[in-house]
Amino acid sequence: MSIQRAAARIDARFVERMYSSLKDEAPAFFSVLETEAPTSVFINPLKDPGDCFENASSIPWCAQGKYLDRRPDFTFDPLFHAGCYYVMEASSMFLHHVLASLIPQDKPIVALDLCAAPGGKSMVVLSCLPPGSLLVSNEVNKSRFQTLQYNIDKWGSPNVIRTCLDPSRMPWTGLFDLILVDAPCSGEGLFRKDKDARAEWSPENVMHCSARQKRILAEAERLLAPGGMMVYSTCTYSDEENIHQVRWMAEQFRLTSKPVAVPDTWHVTKMSAGDLTGYQFYPHRVKGEGFFCAVLRKTEESLVHASTVIKGIRGPKPAFIESPLPKALIDWIQPSSQFGQNHFLESNHGDLYLLQTANAIDSLQLTHITYPGTEIGTVKYGSFSHSHIVGRSTAKADPLTLSRSHLLTFSPSHPLALSHCLNPEIPSIELDRDQAITYLRKESISVESSTPGWNVARYKGFALGWLKQTQAGLKNYLPTKYRIIKQQLK
Ligand code: SAM
């Protein structure tokens, strides 16, 4: 396809700008936009499936990333549903190199992914955190938050708190050692994969995105601890959304730029403004899409944000109470892990969550949090459900004390099956590929033998969800919203 035709479907003002910045490389840039985007995956270090992709090749800046030589139908790969890997654009995995270069591994940290859905970068952050660390993964958009929730649950890390907040509503001023701002942007770097991004582009939208990014960055700076590190990234090329934002942050808050060693053989483009540095990926120079990334540090000289009290936030609303795990549940959970000690949290609806971290979680006050860790299940007490007990006006005693002594049954939640915190001794049923797909369609399956009660459905040893053996048969507990609906092409 001619460059003129390719460019014709892209706003002429964008074409002009790229010709002026890339000069004689611009034709190569526009012609690569008409080729097929490479497919790549980020492997889950907690669930490494080994060589499950034929002809995969490595991504120079990320040992956990792989290029695939074709795009399989991921829906029909049970390992995809088990969270063994995540389909992720290769350039954005540069974040792995940045974090691996800059985060000391000697003590746990508290990290925030401020713009997290659908969750790919949270997975990269998780793979670089020192043992015992904690990640708060936040997404402001409610429907995108559901996708984030699903992806983080599949990933299985037990050290992630999920929040659904506008950054200005976050009460944790100065708490975080690391903040990732993967900002909403004009999406120029996605013009090859996403033709809608081309249609939506305009100079006005670039400026609109730039203004929104400044608001988000200012909040991120407020939330960053002194000495903390902020990684700013976008999937666009415009200076107004990239290096100018880095300069604005340095000027506004006296943050300093933190360079990262990048070998020339990677063909990453260094962007500079004085002594500030950013890293730009162009699809005609690297095997990946457009991406920008820069690192800033809050030093002692950085200006301390004026407002440590956020106006407009209602008083603390503790939705969760930290408490000891009822004895009956101990067998369900890994006794210890590299993630730190177990914190059990109970919502006032009787839902139980587990968070594994070496950090003291009381600094988070457990307010404004939607999911304080992995949802592990619900408990039923006596002949009443927990919510009945709490709701009864006669229940004057502390509902948790009362409920614990009356604990009768525990129903595990789907995320527990996929979590690293599940006790591996829990009975399992190994499924072959056809059975796994049947399970993932939420249809009934039959197996030769199973243990009465709850069993983990596994494929190649990796958990897919729960099955329960009752006298009536084997019941499939995959949440309906996660079932495969699509038909496989023969
Ligand atoms: N980090 C994600 C990943 O790797 O999967 C992609 C994030 S996407 C580029 C930007 C996200 O910012 C979107 O999910 C969007 O809903 C969210 N967002 C939009 N406006 C925002 C705002 N004012 N504050 C915080 N996040 C916002």
Side-chain angles (χ1 to χ4, degrees), residues 40-42 44 59 62 64-65 83 85-99 111-128 135-155 157 160 162-170 172 176 178-191 193-194 196-197 200-201 205-224 230-238 241-242 245 281 288-294 310 312 368 370:
S40 45
V41 294
F42 183 71
N44 188 341
I59 295 176
C62 179
Q64 272 173 249
Y85 61 88
Y86 182 77
V87 184
M88 195 186 301
E89 193 284 302
S91 303
S92 61
M93 291 185 219
F94 180 67
L95 175 65
H96 188 274
H97 172 69
V98 169
L99 298 179
L112 168 67
D113 182 359
L114 195 53
C115 312
K121 307 269 182 345
S122 280
M123 296 168 199
V124 176
V125 173
L126 284 166
S127 70
C128 299
L135 173 66
V136 176
S137 199
N138 177 69
E139 169 56 43
V140 65
N141 178 299
K142 284 208 173 74
S143 70
R144 288 176 66 88
F145 179 78
Q146 299 307 320
T147 313
L148 173 71
Q149 178 68 356
Y150 168 68
N151 284 327
I152 297 288
D153 279 342
K154 270 206 303 185
W155 207 245
S157 299
V160 192
R162 270 82 34 104
T163 57
C164 182
L165 291 171
D166 186 279
S168 63
R169 311 278 306 162
M170 288 194 166
W172 306 295
F176 297 98
L178 169 71
I179 299 185
L180 170 64
V181 179
D182 187 34
C185 70
S186 58
E188 296 165 355
L190 303 179
F191 278 7
K193 291 199 329 184
D194 179 359
D196 290 345
E200 284 160 18
W201 186 91
N205 193 35
V206 169
M207 294 324 289
H208 167 77
C209 289
S210 174
R212 179 166 59 177
Q213 288 152 1
K214 282 195 175 71
R215 287 197 298 275
I216 298 172
L217 282 166
E219 293 299 340
E221 192 279 336
R222 173 180 66 80
L223 297 163
L224 194 62
M230 187 189 309
V231 181
Y232 175 65
S233 62
T234 68
C235 55
T236 207
Y237 310 107
S238 70
E241 297 179 76
N242 292 342
Q245 301 291 45
F281 284 62
E289 303 313 289
F291 181 67
F292 173 84
C293 183
I310 309 165
H368 304 91
T370 314

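First listed ligand is number 1; within each ligand, the first listed atom is number 1.
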- Sub-4.0 Å heavy-atom environment of ligand 1, residues by chain: C115, A116, A117, P118, G119, G120, K121, E139, V140, N141, R144, P167, D182, A183, P184, R212, I216
- Item | Rounded distance [0.5 Å steps], CG in L95 versus SG in C128 | 6.5 Å
- Message: Over 60° means perpendicular and under 30° means parallel, so tell me whether W155 and F42 are parallel, tilted or perpendicular.
- Response: parallel
- Item | Salt-bridge contact D113-K121 (side-chain N to carboxylate O under 4.0 Å) | no
- Determine, for R162 against D153, whether the closest basic-nitrogen to carboxylate-oxygen distance falls under 4.0 angstrom. yes
- E188 meets the salt bridge (charged side-chain N to carboxylate O under 4.0 Å, His left out) criterion, sequence neighbours left out, with R17
- Task: Check for a donor-acceptor pair, side chain of Q245 on one end and backbone N or O of S210 on the other, with a separation under 3.5 Å.
- Result: yes
